[in-house]
Amino acid sequence: MGKIIKKDNQSISSNLRIIVKSGKFSMGYRSTLRNLKDGKCKFIIVADNCPPGRRLELEYYSMLNKCNIHHFYGNNSELGIACGKVFRCSCFGIMEFGDAELSTFIKKIK
């Protein structure tokens, strides 16, 4: 399976707004799954209350594409707020990190 990361949300959530401003991303299950199937995603963040079937499907496709997954310690409302949006988001796929420092965070894990 893709590496499942359970680190503190401070380093992730502080960089999410930077990714939204300067990087490429997809919010929501459908668009994240579509980009994951195409092999575009580098990193996926899944909310804590994402349904188990959807979570397993995301983990399966991330394993096939060798993409990392982070399980966000918070519900979908908190993930949406961490991204700087006013709506809920069950999963967040990152294609390009932009100016964020998450790429160094991921390299440490590998």
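Shortest non-hydrogen contact noted between Met95 and Cys41 is SD-SG, 3.9 Å. The two residues Cys89 and Leu79 come nearest to each other via the heavy atoms O-CD2, 3.2 Å. When every heavy atom of Val20 is checked against every heavy atom of Cys83, the shortest pair comes out as CG2-O, 3.4 Å.
Under the 4.5 Å side-chain heavy-atom criterion for ILVMFWY residues, a single connected hydrophobic cluster contains both Phe87 and Leu16. In the hydrophobic clustering of ILVMFWY residues, with side-chain heavy atoms under 4.5 Å counting as a link, Tyr61 and Met63 come out together. When hydrophobic clusters are built by joining Ile, Leu, Val, Met, Phe, Trp and Tyr residues whose side-chain heavy atoms come closer than 4.5 Å, directly or via intermediates, Ile69 is not grouped with Leu56.
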List the atom pairs, with distances to 0.1 Å, where a side-chain N or O of residues 44-55 and a protein N or O form a donor-acceptor pair under 3.5 Å, not counting sequence neighbours.
| from | atom 1 | to | atom 2 | distance (Å) |
| --- | --- | --- | --- | --- |
| Asn49 | OD1 | Asn76 | N | 3.0 |
| Asn49 | ND2 | Asn76 | OD1 | 3.4 |
| Arg55 | NH2 | Ala47 | O | 3.0 |
| Arg55 | NH2 | Asp48 | O | 2.7 |

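Heavy-atom contacts from other residues, nucleotides or ligands closer than 6.0 Å to CG of Asp38 number more than 12.
A distance of 11.5 Å separates CD of Glu78 from CZ of Arg88, quoted to the nearest 0.5 Å. Atom NZ of Lys37 and atom OG1 of Thr32 lie 12.0 Å apart (nearest 0.5 Å). Atom CD1 of Ile94 is separated from atom CE of Met27 by 11.0 Å, given to the nearest 0.5 angstrom. Interatomic distance, OG of Ser90 versus CG of Leu58, reported as 7.5 Å (0.5 Å rounding). Interatomic distance, Arg17 CZ to Lys21 NZ, rounded to the nearest 0.5 Å: 8.0 Å.
With sequence neighbours excluded, the residues that form a side-chain hydrogen bond (donor to acceptor under 3.5 Å, both in side chains) with Glu57 are Tyr29. Taking Phe25 as the reference, Phe92 meet the ring-ring contact (aromatic ring centres under 6.0 Å, His included) condition, with sequence neighbours excluded.
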Next item on the list: Determine, step by step, whether Lys42 and Lys24 satisfy the side chain to side chain contact (heavy atoms under 4.5 Å, CB included) criterion, reporting the C-alpha distance in whole Å, the side-chain angles of both residues, the deciding distance to 0.1 Å, and the verdict.
Entry: CA-CA 10 Å; Lys42 295 179 182 175; Lys24 280 190 166 184; over 6 Å; no

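The aromatic rings of Phe43 and Phe97 lie tilted to each other, with the angle between the two planes from 30° to 60°.
Remark: side-chain polar atoms of Ser22 are paired, donor with acceptor, to backbone N or O of Asp99 under 3.5 angstrom.
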